[in-house]
Each structure stands twice: as structure tokens, then as C-alpha cells.
Amino acid sequence: MIIVYTLKELRETLQPLWNANKSIGFVPTMGYLHEGHASLMKAARVQNDIVVLSIFVNPTQFGPNEDLDRYPRDLERDTKIAAEQNVDIIFAPTVNEMYPEKMLSSIIPGQQATVLCGASRLGHFDGVLMVVSKLFNLVKPAKAYFGKKDAQQLAIIETFVRQYNVPVEIVRGETVRENDGLAKSSRNVFLTEQERSDAPTLQKALQAVKKLILSGVSKEDALLKGQELIRAKTTARIDYLELLEYPSLLPVTESSEELVVAGAIFFDKARLIDNVIFSVKGE
Ligand code: AMP
């Protein structure tokens, strides 16, 4: 495994592999790796000749009052986890390396970014598309791996890649969870002991909403029940709890086949998100 920090080193490392037509599987992350990231690396390892992992806490996807400065970082630990997954190349650039000059153009996502996290984190998905498209151009992967844990991000990236004919295949990874159902997240380290024991309620509430919807309860009543559960069992403030069609993220209609029930809650020092994607047939 090799770690590169600059665009030049990355290009020099990849050039012979591009020339030899090696298939590259790419896993973009913000580091502080956990089993969710590892499952994406595993899938990439099986499906490609070469696995590239990027570790970059991307400032353009953080709002002014968000946790950019205190986002957890530990490159040494990340390196060990990547080595265990037989990653070939880690790309860990500095902010200056990725953004040497002020960005003068943007890729603006459409209606999919106006709901859920897009509504409460203005500009977040502009920043995501900015860094993801830069990384795709730098790595030129055949396949890129994204987790369903960030269902809205995945949907927006899939749309961008399809509609802009970006030559990469997006592969979806299942959400990896702790034993009690809490989705693994780098931000879980910010939870107090009490918050950590309450946090699985988010997934329980989302599952409860899914069950109610499938049993014919109205969207409004099902979401209210989910909210009640979170209020009763946690100290968290609810950012949103919503049911939409997936992956369009449009309102649910009679013809919707796949749905997502998604939630975001604020604990004292951590905002957690989670979702359940399911078919109206109950799968
Ligand atoms: P992050 O480092 O949080 O930006 O995440 C990098 C990638 O890992 C994204 O595609 C995430 O969706 C994915 N990811 C994060 N947490 C999980 C999880 N618990 N299970 C599966 N994938 C995840």
C-alpha cells in the first residue's frame, strides 16, 4: 500500500495503471474509518484490479456553523484499517492541494437537494458534487463506492453521473450498523454515554414508520408516531423525519415503487442521520 498526498504523486502512481488498463475501484471518504467504510473497501477489492481510497475532510461541504474544525481525524489509524482491507493507494491531500485557488464554478444539484439534509445544510450537496467530481477526474475510476447510509448523497451522485455522462459506475453499499442498530458513523464519537445508549432509537423510529406505512397508515400519522418515539426515548432535537420516493426524492405518489424514510437528529455535539429504503411491496 502506498500513501500519496499530492495530485502529482497521485498522477504518477496511477499513470502506469491507467496505461495498463487496470480497473480502478474508488472509495471516497472523510476518514476516521469504521466498518461502514471497510465494507465499501471490501466490495471494491473484490470487483477491481486496484483499490484507491481517498481521505479528505472536504471544507466546501460544511456550512459556517458546522463541525469542520472538530471533525475527527486519525490518519495513522486509518492507514492500518486500509491496509487490513488490502487497499492499494491512499490519497490524503491537504485542503490547499485540492483547492489551490478560489473555485469559480460549481455543479448545482437540482430538486433532489432541496429536501432532507439539503434543506437544513444549504449548499452541502454543491460541496459534495464539487469534491466528488474533482476526485473522479483525478482518479478516473471504473467504479466508485458510496454507502446507503447517506441515501440522499447517493441519489444525488447517481443522478449527476447519469445525466452528465460521467464515465464511472456508482456502486451502492449497505449501511453497516452497531449491534444495537445504530448506523456506524465517524461522528458517533461525539455522543455522551447517555446519548450513545439512546441513539439507536433513530433507526427504531424509522423502522416503525416503515411498518406503519406498509400496514396502510397515512404518511402524516406514521411520521408523527416516529417523532413521538424519538421525543420519548431521547434528548435529541429532531431536524427532520420524512418519507419520500427513492431515489427521485420526490413526494410519494400512487406509482412510487421504492420509498425512503429518512431522519436527522441533533444531540448536543453530533447530528446523526439514518434512513430505511424499502419497496412499497414490503421488501
Ligand atoms: P464519510 O467518510 O462519512 O463521508 O463516508 C464515506 C463513505 O462511506 C460514504 O459513501 C458513506 O455513505 C459511507 N458510509 C458512512 N457510514 C457508513 C455505514 N455505516 N455503512 C455503510 N457505508 C457508510
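Since this is a predicted model, take the numbers as computed values, not measurements. Order of appearance sets the numbers: ligands from 1, and atoms from 1 within every ligand.
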Practice task
State whether the shortest distance between N or O atoms of M30 and N or O atoms of ligand 1 falls below 3.5 angstrom.
Solution key: yes

Practice task
May I ask you to check whether V176 has an N/O atom sitting below 3.5 Å from an N/O atom of ligand 1?
Solution key: yes

Exercise for the section: Might you work through the salt bridge (Lys or Arg N to Asp or Glu O under 4.0 Å) test for D180 and R196, ending with a clear yes or no? Expected result: CA-CA 10 Å; D180 58 11; R196 172 62 192 83; 2.9 Å; yes

Exercise for the section: Enumerate the atoms of ligand 1 whose separation from the nearest heavy atom of F146 is less than 4.0 angstrom. Expected result: 10 (O)

Practice task
Determine the interplanar angle of the F56 and Y99 rings, folded into 0 to 90°, and report it as parallel if under 30°, tilted if 30 to 60°, perpendicular if over 60°.
Solution key: tilted

Handout entry: Options Y145, Y71, Y32, ranked by nearest heavy atom to atom 3 (O) of ligand 1, top entry
Key = Y71

Handout entry: Test item: side-chain donor near acceptor, T94 and E97, under 3.5 Å
Key = no

Practice task
Determine, using heavy atoms of H34 and all atoms of ligand 1, whether some pair is separated by less than 4.0 Å.
Solution key: yes

Completion exercise
At under 4.0 Å between heavy atoms, what of H37 touches ligand 1? The answer is side chain

Problem - Distance-only donor-acceptor check, side chains T159 and Q112, under 3.5 Å - result: yes

Practice task
Tell me yes or no: between the side chains of S120 and Y240, is some donor less than 3.5 Å from an acceptor?
Solution key: no

Practice task
Quick one: list whatever passes side-chain contact (heavy atoms from CB on, under 4.5 Å) with S279, sequence neighbours left out.
Solution key: E258, K281, E283

Exercise for the section: Answer yes or no: does atom NZ of K233 have more than 12 heavy-atom neighbours from other residues, nucleotides or ligands under 6.0 Å? Expected result: no

Exercise for the section: Among all protein heavy atoms, pick the one closest to atom 13 (C) of ligand 1 and tell me residue, atom and distance. Expected result: L40 CD1, 3.7 Å

Exercise for the section: Report yes if G147 has an N/O atom closer than 3.5 Å to an N/O atom of ligand 1; otherwise report no. Expected result: yes

Handout entry: Protein contact to atom 6 (C) of ligand 1 [nearest heavy atom, distance to 0.1 Å]
Key = P28 O, 3.4 Å

Fill in the blank from the handout: Among R187, E174, R177, K149, the residue with a heavy atom nearest to atom 21 (C) of ligand 1 is E174

Exercise for the section: Answer yes or no: are there more than 12 heavy-atom neighbours, outside K211 itself, under 6.0 Å from its atom NZ? Expected result: no

Completion exercise
With heavy atoms and a 4.0 Å threshold, my read on which part of S185 contacts ligand 1 is neither

Practice task
Say whether, by atom type as modelled, one donor and one acceptor occur between the side chain of D274 and the main chain of L182 under 3.5 angstrom.
Solution key: no

Exercise for the section: Can you figure out which of I157, L154, D150 has its heavy atom closest to atom 14 (N) of ligand 1? Expected result: D150

Problem - Polar atom proximity, K184 to ligand 1 (N or O, under 3.5 Å) - result: yes

